[in-house]
A.B. asks: 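Quick one: the structure is below, questions incoming.
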Amino acid sequence: MTRPRLLDALCGVAAGAVTLGAAELLAALWTQWLGSVGTPSPLLAVGGAFVDRTPPWLKDWAVATFGTADKLALGVGMALALALVCALLGLLAARRRGPGLSLFVLVGMVGGAAVLSRPGAAPLDVVPTLVGVLAGTWVLSWLLATGGPSPRDTASSPAGPDGLSRRGLLTSAGALTALGVLGVVAGQALSGVARGARAAARAITLPVPTRKVSVPAGAASDVAGHSPYLTPNAEFYRIDTALRVPRVDPAEWRLRVTGLVEREIEISWEDLLAEEHVEALVTLTCVSNEVGGDLVGNARWQGWPVRELLARAGVRPEADMVLSRSVDAWTAGTPLEVLTDDRDALIAVAMNGEPLPPEHGFPARLVVPGLYGYVSATKWVTELKVTRFDADEGYWTPRGWSALGPVKTASRIDVPRPGAALGAGEVVVAGVAWAQHRGVSAVEVQVDGGPWSRAELLEEPSVDAWRLWRWTWPDAAPGEHVLRVRATDATGAQQVEQPAPPAPDGATGWHQVRVSVS
Ligand SMILES: Nc1nc2c(c(=O)[nH]1)N[C@H]1C(S)=C(S)[C@@H](COP(=O)(O)O)O[C@H]1N2
Ligand SMILES: [Mo]
């Protein structure tokens, strides 16, 4: 009896699943027991290596299509691609055992190479992948050997005495695939729990800031659907290249100042908490935010001004940039000037009164008013290298993004929502506008290309944060309508009308919303 090719493919998939299941489970133990700081998980290592090599058009497309679910999308894409490769390897190994198995091992080694290439990797980190590949290779050869001849085998001998029937092979391969997937899921869950527990074990008591900020009632709005002035931490957008949120133990955390300084400095978490902290209202924006998009959020940050740390190290005159680096080796290049002038560029430890959530950089991150996140807002920050733009560049610069990233003036309509069905008569239009570190001096709204009307501006407790606005459309008549918004910053410059995509230095264009009135 020969077997259908689909079964050969399934054998390949089962072998792949067993490989990953074993590797991911072991990787979790590596992280937990050996305290590995690298990426022993081959899935995360390959994913991370892939993210680091993503061209700008692909990153742009992924963020535009999947938004903050881009990591989930990457996971699903990787799973599909891997299943396909394993299925092909199964087909090959069924025809030609030797080359098929060798190629299977070779593909596994690519995962091993990815593990060794990740920041903080130790040679032993590759062991889970090696064990997984061994297990997977054995499974593949066992399934094919006991499953009877495939249509391509030259000698069409029946299954041996211990051979599996077609149904038996299907069951075995299916069960092994399920086991492997279970191993992957368990491995991911285990390592997440282990890291979380270690970091959370330390109770955090934040120092009382010497300068506190408060949000006046007049800055917030009661219009339904209008952005709250402060974005709750749980709703704050998250963008980073970390496939797994780094869990940093504050007891082991250090921030080093290196490079063009009189003296290199290293501070601990306790040192940082012992400094004089201030609070600041700062709106963060992602350079990938599309016109009208939601990759923007406003928070009350607490931290120690970066300029004081830099002053302690003594910046040398030839320096013009600070390359900040995170625990996972991501970097941002920030002009020295904005870190040393009198704005509130902070080494932040708290967000809206809480220690930073792990996703937003616990234990410490940079928050710099006026710049897009990719050139300033380093989460899980561990090093500030004082350097020069002609000597160093941040993570996104060689990937097609501008070295400098000042935030462009922008405005967004929150309500009505696009496509809303409204009643005729008075309609409240409301939204946000931002021009960090310049401030917003005017917002105007337009209906159907008609004259522009000035919106009411709510209070602006900080020029580094967004400003809420609202406008009452007095006489919405039945039919389809287009609402448009534009802002003017406090220097008198109007928001750019010409539409441009996010790459290389931030989108432009006026946000518009279509509604229907009846
Ligand atoms: N370590 C690290 N920090 C990072 C990033 C990153 O990929 N890694 N991304 C930056 C980008 S592009 C943005 S827009 C902000 C987003 O900060 P948030 O996730 O807290 O909103 O973080 C910045 N800090
Ligand atoms: Mo970003």
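Just so you know, ligand 1 is whichever comes first in the structure, and atom 1 is the first atom listed for that ligand. In this chain, numbering begins with 1 at the start of the sequence shown. Keep in mind that what you see is a predicted model, and the values were worked out from it rather than measured.
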A.B. asks: What part of Val327 sits under 4.0 Å from ligand 1 if we count only heavy atoms: the side chain, the backbone, both or neither?
C.D. replies: neither
A.B. asks: Specify the protein heavy atom at minimum distance from atom 17 (O) of ligand 1: its residue, its atom name, and the distance to 0.1 Å.
C.D. replies: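 Checking every protein heavy atom, the shortest distance to atom 17 (O) of ligand 1 gives Arg365 NH2, 3.1 Å.
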A.B. asks: Quick one: look at Cys286 and ligand 1, take heavy-atom pairs under 4.0 Å, and tell me if it's side chain, backbone, both or neither.
C.D. replies: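 Near ligand 1, Cys286 shows its backbone as well as its side chain.
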A.B. asks: Kindly confirm or rule out an N or O of Trp330 lying under 3.5 angstrom from an N or O of ligand 1.
C.D. replies: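 The answer is yes, given that Trp330 and ligand 1 share an N or O pair closer than 3.5 Å.
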A.B. asks: Identify whether the distance between the nearest side-chain nitrogen and carboxylate oxygen of Arg238 and Asp70 falls below 4.0 Å.
C.D. replies: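 Result for this pair is no, no salt bridge flagged.
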A.B. asks: Would you call Asp52 and Arg118 a salt bridge, taking side-chain N to carboxylate O under 4.0 Å as the test?
C.D. replies: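 Here Asp52 pairs with Arg118 in a salt bridge, since their nearest N and O are under 4.0 Å apart.
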A.B. asks: Could you tell me whether the side chains of Glu264 and Thr258 share a donor-acceptor contact shorter than 3.5 Å?
C.D. replies: no
A.B. asks: If you measure every N/O of Tyr374 against every N/O of ligand 1, is any gap under 3.5 Å?
C.D. replies: no
A.B. asks: Within a strict 4.5 Å, meaning less than it, do heavy atoms of the Trp30 and Leu124 side chains meet?
C.D. replies: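 Yes; the side chains approach each other to less than 4.5 Å.
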A.B. asks: Picking from Gln495, Arg484, Arg486, what satisfies side chain to side chain donor-acceptor pair (under 3.5 Å) with Glu444?
C.D. replies: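 Testing Glu444 for a side chain to side chain donor-acceptor pair (under 3.5 Å) against Gln495, Arg484, Arg486 leaves exactly one candidate, Arg486.
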A.B. asks: If you count every heavy atom of other residues, nucleotides or ligands that lies below 6.0 Å from Glu318 atom CD, does the total exceed 12?
C.D. replies: yes
A.B. asks: For Tyr372, which part has a heavy atom under 4.0 Å from ligand 1: side chain, backbone, both, or neither?
C.D. replies: neither
A.B. asks: Does Lys379 reach ligand 1 with a nitrogen or oxygen that is under 3.5 Å from one of the ligand's nitrogen or oxygen atoms?
C.D. replies: yes
A.B. asks: Looking at Leu356 and Ala348, what are the two nearest heavy atoms and their distance?
C.D. replies: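 Heavy-atom minimum between the residues: CD1-O, 3.4 Å.
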A.B. asks: Is any NZ, NE, NH1 or NH2 atom of the basic residue among Arg211 and Asp344 found under 4.0 Å from an Asp or Glu carboxylate oxygen of the other?
C.D. replies: yes
A.B. asks: Any atoms of ligand 1 less than 4.0 Å from a non-hydrogen atom of Asp328? List them with their elements.
C.D. replies: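 Numbered from 1, ligand 1 contributes 1 (N).
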A.B. asks: Which heavy atom of the protein is the closest neighbour of atom 23 (C) of ligand 1, given with residue, atom name and distance?
C.D. replies: Ala377 O, 3.5 Å
A.B. asks: May I ask you to identify the nearest protein heavy atom to atom 13 (C) of ligand 1, giving residue, atom name and distance to one decimal place in Å?
C.D. replies: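 Result for atom 13 (C) of ligand 1: Gly373 CA, 3.7 Å.
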A.B. asks: Below 4.0 angstrom from a heavy atom of Ser326, which ligand 1 atoms are there? Numbered from 1 as shown, please.
C.D. replies: 1 (N)
A.B. asks: Any nitrogen or oxygen of Trp396, side chain or backbone, less than 3.5 Å from one on ligand 1?
C.D. replies: no
A.B. asks: From the options Thr382, Leu366, Ile239, select the one whose nearest heavy atom is closest to atom 16 (C) of ligand 1.
C.D. replies: Ile239
A.B. asks: Can you find an N or O of Val287 that's nearer than 3.5 Å to an N or O of ligand 1?
C.D. replies: no
A.B. asks: Are any of the side-chain nitrogens in Lys385 or Asp392 under 4.0 Å away from the carboxylate oxygens of its partner?
C.D. replies: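 Yes.
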A.B. asks: Thr285 versus ligand 1: do any nitrogen or oxygen atoms come within less than 3.5 Å of each other?
C.D. replies: no
A.B. asks: Quick check for you: to the nearest 0.5 Å, what is the distance between Lys408 atom NZ and Asp505 atom CG?
C.D. replies: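 Here the interatomic distance stands at 3.5 Å.
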A.B. asks: Please round to the nearest 0.5 Å and tell me the distance separating atom CZ of Arg467 and atom CG of Asp489.
C.D. replies: 12.0 Å
A.B. asks: Of the backbone atoms (N, CA, C, O) and the side-chain heavy atoms from C-beta on, which set of Phe236 has a member under 4.0 Å from an atom of ligand 1: side chain, backbone, both, or neither?
C.D. replies: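 Side chain only.
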A.B. asks: Hey, does Tyr237 come in under 3.5 Å of ligand 1, counting only N/O atoms on both sides?
C.D. replies: yes
A.B. asks: Ignoring angles and geometry beyond distance, decide whether Asp240 reaches within less than 3.5 Å of ligand 1 through its nitrogen or oxygen atoms.
C.D. replies: no
A.B. asks: To the nearest 0.1 Å, how far is atom 7 (O) of ligand 1 from its closest protein heavy atom, and which atom is that?
C.D. replies: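 The closest one turns out to be Thr241 N, 2.9 Å.
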